[in-house]
Structure formats: C-alpha cells, structure tokens
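See structure below.
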Protein chains: 2
Amino acid sequence: MFSLTCEHGIRSLIYLAKRDDSSNFISIREISNDLDIPFHFLTKVLQKLTEAGIIESSRGAKGGIRFLKKPEMIKLSEIVFAIDGEKTFSKCLIGLNKCDEQNPCVLHDLWMEPKRTVTSFLSKSTLNDLIIRLNNDKTRI
Amino acid sequence: MFSLTCEHGIRSLIYLAKRDDSSNFISIREISNDLDIPFHFLTKVLQKLTEAGIIESSRGAKGGIRFLKKPEMIKLSEIVFAIDGEKTFSKCLIGLNKCDEQNPCVLHDLWMEPKRTVTSFLSKSTLNDLIIRLNNDKTRI
DNA sequence: TTGAATTAAGACATTTTTATCTTATTTAAA
DNA sequence: TTTAAATAAGATAAAAATGTCTTAATTCAA
C-alpha cells in the first residue's frame, strides 16, 4: 500500500507527536532505536519530510527534528504525498497514462468510490487524531 | 497500488476475456503487441496466472493461453492475489507484523472501512463486469 | 576555542522488481 | 518425420528500493 519509506515516515511522525514538547528537538537516533528503523535509512526518510516543510531539523549537540507545523494540522495524506508522491492514489489502476473521465480505463468508474473512501480517510486523519488512540489502549506504532 | 506485473496481468485477462472464443488459444505475442507489454516479461506474468489455475497455456503452433475458469467467475481479487500476494490489502498499513483487533496499530480502526470498500470492489468485480464496459464507450484497457 | 554530539550528504552495497536474451520443449501441420 | 511456431525456463542485465558506511558541516557547552 505504502512504500516502506512511507511507513517509516508515518511511524516517526506519530512517535514525534506523542513525544513532542514542541520546543525541543528529538534526536533521530532515539526515534531509530525506539521504532527499530535503521538509523541512516531513517535520516533520509526524514529529510524528505524536512524538504516538504512538515518538520525542521537541527544539527549538532541537542539536535534532531521537531514539527514545523502543528500536529493537529498535519494530515496523513500530506505525509504520504511528501514521500510516495502526489499521485499515489490518483494514478490509473492499470497504469494507463491518460486515464480520465473522457477516456477512462475499464476500472475507472468502479474505482472511483473506493478511491474516494481511501483518500478521504487519508485527508481526514491528522496526527492528533492518531496519538489520541495511542493514549488509551494497547494501541501501538 | 498494484505492482506493474499485476497491472499487466489484469490488462491481459481483460483483453483475453474480450477476445475469447473460449476454445482457441490466444498467443502471448499477440497480447504483448496489442497491449504494448514486453513479450518475455509478459510470459512470466502469465505463468503466474497459469500456476494459479486461472488460465492454461499450450506450447507450439497455435499455442497461447486461454481461460480455465469462466470470465464471469474470475474476480479482480483473484488476479491481484495470484500476482501481488494474498495479503495485498490485509497487511498492516504501517508494517507491524502483529496488528489485529487485540493489538491494533494506530491506524487499524480508521483503516477498516476504506479497506472494506477496496476489497469489496475487488471481490465484486468479475472480468465479465469489466468487458461489458469495453463494448460501450471510449473505454480502454 | 576546542571537543563531543548530531544531522547532511554522498558513495557504495544489497535486494527486489522489471526487462531481455538464449536455449529447451512442445505442438500442429505439411 | 521434419519443420515452423509457440510457450517454458533459466541466465543475465538494468533500474528502483532499501540499507550501510564514511566524511562534512553544524551546534552546544565546557
């Protein structure tokens, strides 16, 4: 569904939202350890989110990453689009490069409703919505 | 969404359903030409569908592939599962290997409804449903 | 101002996916 | 029975995704 890179990105930001005191940077090494994601791989994933303006980073002692936007303003869709690309769920299901209302592929119409459900889920869910779940139960990242 | 391999598989079977006179084999070379899919790559894609029992193949002159099951009985989900794997849409969204009702990931509950919509779309749509669309309009494979 | 801590960046390695090529095997028909 | 036509299968190549390592740049604090 999502690339592994994207999964790492989502998990990291949920982790960050859970930990965030919003003024201090959280070190990537710590995230890497707690979420069991290879450190050097993770730095590259997070660089994409930095370029996308979702987080900012600081080098050196006490460095790390922190949110540039408020977690209640960050949608799942933003994260996915930043990492897997804007077209992640708007591409033609069978790979036709010109597939639209005028010239639809055989799946186009049937795919519209499920696609809407998925994209609405991604654009409705903010990081805050998600960490609320983490506070309650046995829910995990 | 689907792997390229899977896209090729779906397109080929829709093409076959459209062409099918159900007794003759259709050559892979012909499918390859008409759908603009690399021939040797396509033979391997179709071998997966043969192994899955959806089509059968014949070597030699007048060889090719044909359906083993009737197109009205072949669901999109079968094709996807045969090529991209059974768990294509049941895997945890963020990659946790033990994610279920008891120990859900943060996305688990929110993902349930969109997932249902997608899997229902895949399991409702048969090849026959799809080629009906091809007969009408400007619809393409 | 120096040193330790930390991310950035680029080179490199591995794995998976996609693509190609060659040879073997099978089938139908002359 | 031979030949042409076709898929099967395995080797190899290329590209993309994932993972690792090294060096550079930056930051804080002693």
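Chain naming here is simple, since letters A, B, ... match the order of the sequence lines and numbering starts at 1 in each.
Closest approach to the B:Ile28 side chain among D:dT7, D:dC21, C:dA8 is made by D:dT7 (side chain taken as heavy atoms from C-beta onward). With D:dT7, D:dA5, C:dA8 as the candidates, the nucleotide lying closest to the side chain of A:Gln47 is C:dA8. Set against D:dT20, D:dT7, D:dT27, the side chain of A:His40 has D:dT20 as its closest nucleotide. Among C:dT7, D:dT18, D:dC28, the nucleotide with an atom closest to any side-chain atom of A:Ala61 is D:dC28. Which of D:dA8, C:dA19, D:dT18 sits closest to the side chain of A:Leu4 comes down to D:dT18. Checked against D:dT7, C:dA28, D:dT20, the side chain of A:Lys44 finds its nearest nucleotide in D:dT20.
The number of heavy atoms from other shown groups lying within 6.0 Å of NZ (A:Lys75) does not exceed 12. Within a 6.0 Å radius of CD in A:Glu113, no more than 12 heavy atoms belonging to other residues, nucleotides or ligands are found. Within a 6.0 Å sphere centred on CG of B:Asp36, other residues, nucleotides and ligands contribute 12 heavy atoms or fewer.
Put simply, CD1 on A:Ile37 is 16 Å from C1' on D:dT20, counting in whole angstrom units. The interatomic distance linking B:Asn24 (CG) with D:dA6 (C1') rounds to 15 Å, in whole Å. A:Ile26 has its CD1 atom 18 Å from the P atom of C:dA5, to the nearest Å. Look at NE2 on A:His8: it is 14 Å from P on D:dA17, rounded to the nearest Å. When the P atom of D:dC21 is taken as reference, atom CZ of A:Phe41 falls 15 Å away, rounded to whole Å. Separating the CZ atom of A:Phe39 from the C1' atom of D:dT20 is a distance of 12 Å, rounded to the nearest angstrom. Between A:Glu7 atom CD and D:dT18 atom C1' the separation is 12 Å, expressed in whole Å. Remark: P of C:dT23 and CZ of B:Arg59 are 16 Å apart, rounded to the nearest angstrom.
Each of B:Phe25 and B:Phe67 belongs to its own hydrophobic cluster when Ile, Leu, Val, Met, Phe, Trp and Tyr are linked at side-chain heavy-atom distances under 4.5 angstrom.
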Working note: B:Asn24 + B:Lys62, criterion side chain to side chain donor-acceptor pair (under 3.5 Å); need CA distance, chi angles, decisive distance, verdict.
CA-CA 8 Å; B:Asn24 289 319; B:Lys62 308 245 171 163; over 6 Å; no

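Annotation: of the two residues near DNA chain D, A:Cys6 and A:Gly60, the 5′-most nearest-nucleotide partner is A:Cys6. The residue among A:Glu51 and A:Lys62 whose nearest nucleotide of DNA chain C is located toward the 5' end is A:Lys62.
Listed here is the closest heavy atom pair of B:Leu46 and B:Ile65: CD1-CD1, 3.8 Å.
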Which atoms of nucleotides 12-16 of chain C (N or O only) lie under 3.5 Å from a protein N or O atom, and what are those distances?
none

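Note on A:Ser57: a side-chain N or O is less than 4.0 Å away from OP1 or OP2 of C:dA8. Under 4.0 angstrom from either OP1 or OP2 of D:dA17 there lies no side-chain N or O belonging to A:Thr5.
Residues satisfying the side chain to side chain contact (heavy atoms under 4.5 Å, CB included) criterion with B:Ser32, sequence neighbours excluded, are B:Phe39, B:Leu42.
In this structure a side-chain-to-backbone donor-acceptor pair under 3.5 Å is missing from A:Asn103 to A:Lys98.
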